[in-house]
Structure formats: structure tokens, C-alpha cells
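Before any comments, here is the structure.
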Amino acid sequence: MIYIASPYTAGGADEALMQERYEQACIATAKMTRNGHTVFSPIVHSHPLTRCGVEGLGHDFAYWSKIDYEFIDLCDELVVLKLDGWRDSKGIAEEVKYAESKGKIYM
């Protein structure tokens, strides 16, 4: 199983940029799924949840990190979707660090 790390709020992203990053993560997740991989993208999962009308859901890595780490534990490898802003993403840096500490393959 593959965990797809991708930037979301990096660089102080506004709503339009977060939407664009979400759509790009959806495309990458769909293509990998079509190619026979079992994948999990936290952005594909969490972006719609933050817009469904339930108050109190955060947008940043600090809010979602516990869930993200649990999914990384279940995955065999972590792939970084290198969209604009990925190098500035604190969330990606933490996901990679965590995955490496667990002996996960990082690409």
C-alpha cells in the first residue's frame, strides 16, 4: 500500500491553491489506482471533509498528523507528489521523517 504525501497549506496557500492541490492529488491517486496500486492520499480524504459543514476540522498537518501517521503505519511506502510548494511543506517533511523512522520506502 502506498501513502501519497502532497502539499496542501504549504506557503500560506489560499483556498484556490488548496483546491488546486486537492485536484492534482485526486488525479495522481486515481492514476495510481487505475494502474493497480492500493493508495491512500490524506489530501484526497480530508479536503472534502473540511468542506462538509462539520465545524472544528482543521486544515493543517498539526490537526491531521495522528491520522496520517496511522495510515503511514499501514502503508509499505511513501511517495511524495512533487507539486509546487512540496519543498516548503512542513507536513511532507514530518511525514517523510516519520516514514523513514518506521523503515518505510520513500520515493
Side-chain angles (χ1 to χ4, degrees):
M1 186 156 64
I2 301 169
Y3 181 99
I4 302 174
S6 59
Y8 186 58
T9 59
D14 60 16
E15 287 293 323
L17 183 54
M18 289 189 301
Q19 179 66 31
E20 180 182 328
R21 288 173 172 169
Y22 162 72
E23 290 169 6
Q24 291 173 326
C26 284
I27 291 167
T29 301
K31 286 180 178 179
M32 291 178 77
T33 299
R34 180 194 61 205
N35 291 336
H37 300 284
T38 301
V39 297
F40 173 76
S41 166
I43 301 308
V44 172
H45 174 264
S46 62
H47 176 83
L49 295 178
T50 64
R51 283 147 176 76
C52 73
V54 175
E55 292 187 31
L57 294 175
H59 288 89
D60 61 357
F61 181 74
Y63 181 86
W64 293 97
S65 62
K66 178 185 179 297
I67 294 168
D68 294 346
Y69 290 153
E70 288 185 20
F71 274 102
I72 291 170
D73 286 341
L74 296 171
C75 290
D76 302 302
E77 61 187 274
L78 181 143
V79 171
V80 175
L81 186 58
K82 295 179 180 177
L83 305 174
D84 286 340
W86 78 271
R87 282 186 166 85
D88 301 321
S89 172
K90 293 176 186 174
I92 289 176
E94 291 299 318
E95 289 165 326
V96 167
K97 182 176 156 184
Y98 183 81
E100 288 176 335
S101 78
K102 298 293 184 172
K104 306 293 178 170
I105 299 167
Y106 159 65
M107 293 193 217

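Below, each value reflects all heavy atoms present in this structure, side chains not excepted, and no hydrogens, waters or symmetry copies. Numbering starts at 1 and runs along the sequence shown.
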Practice task
Please check if Leu81 and Ile2 belong to a single hydrophobic cluster, counting links between Ile, Leu, Val, Met, Phe, Trp and Tyr side chain heavy atoms closer than 4.5 Å.
Solution key: yes
Handout entry: Residue pairs, two or more places apart or on separate chains, that pass salt bridge (charged side-chain N to carboxylate O under 4.0 Å, His left out) and touch residues 14-25
Key = Glu15-Arg51
Exercise for the section: Name all residues meeting the ring pair (Phe, Tyr, Trp, His ring centres under 6.0 Å) criterion together with His37; count only those two or more places apart in sequence or in a different chain, and write none if there are none. Expected result: none
Problem - Separation between CD of Gln19 and OH of Tyr8, rounded to the nearest 0.5 Å - result: 7.5 Å
Side-chain atoms of residues 61-72: list all donor-acceptor pairs with protein atoms under 3.5 Å, sequence neighbours left out, distances to 0.1 Å.
residue: Trp64; atom: NE1; partner: Gly58; partner atom: O; Å: 2.7
residue: Ser65; atom: OG; partner: Ala62; partner atom: O; Å: 3.4
residue: Lys66; atom: NZ; partner: Glu70; partner atom: OE2; Å: 2.6

Exercise for the section: Show your reasoning for whether side chain to side chain contact (heavy atoms under 4.5 Å, CB included) applies to Val96 and Leu78. Expected result: CA-CA 7 Å; Val96 167; Leu78 181 143; 3.9 Å; yes
Exercise for the section: Check for a donor-acceptor pair, side chain of Lys104 on one end and backbone N or O of Asp73 on the other, with a separation under 3.5 Å. Expected result: yes
Exercise for the section: State plainly whether one hydrophobic cluster holds both Phe40 and Leu49, where clusters connect Ile, Leu, Val, Met, Phe, Trp and Tyr through side-chain heavy atoms under 4.5 angstrom apart. Expected result: yes
Practice task
Please identify each residue that fulfils side chain to side chain contact (heavy atoms under 4.5 Å, CB included) with Ser41, with sequence neighbours left out.
Solution key: Ile4, Ala25, Thr29, Ile43, Val44
Problem - Same apolar cluster (I L V M F W Y, side chains within < 4.5 Å links), Val80/Ile27 - result: no
Completion exercise
Taken in chain and number order and not counting sequence neighbours, the residues that satisfy side chain to side chain contact (heavy atoms under 4.5 Å, CB included) with Asp88 are none
Exercise for the section: Just jot down the side chain to side chain contact (heavy atoms under 4.5 Å, CB included) partners of Lys97, sequence neighbours excluded, or say none. Expected result: Glu94
Exercise for the section: Is it possible for you to say whether Leu74 and Tyr106 belong to one hydrophobic cluster, with membership spreading through side-chain heavy-atom contacts below 4.5 Å? Expected result: yes
Handout entry: salt bridge (charged side-chain N to carboxylate O under 4.0 Å, His left out): pairs with one or both residues in residues 29-38, sequence neighbours excluded
Key = none
Completion exercise
So CG of Asp76 and OH of Tyr3: to nearest 0.5 Å the spacing works out to 14.5 Å
Completion exercise
CD (Glu77) and CE (Met107) are apart, to the nearest 0.5 Å, by 4.0 Å
Exercise for the section: Kindly indicate whether the side chain of Pro42, heavy atoms from C-beta on, has any atom under 4.5 Å from the side chain of Glu95. Expected result: yes
Practice task
Give every residue pair that meets the ring-ring contact (aromatic ring centres under 6.0 Å, His included) criterion with at least one member in residues 73-96, sequence neighbours excluded.
Solution key: none
Practice task
Report the residues that fulfil side-chain hydrogen bond (donor to acceptor under 3.5 Å, both in side chains) with Asp84, sequence neighbours left out, ordered by chain and then residue number.
Solution key: none
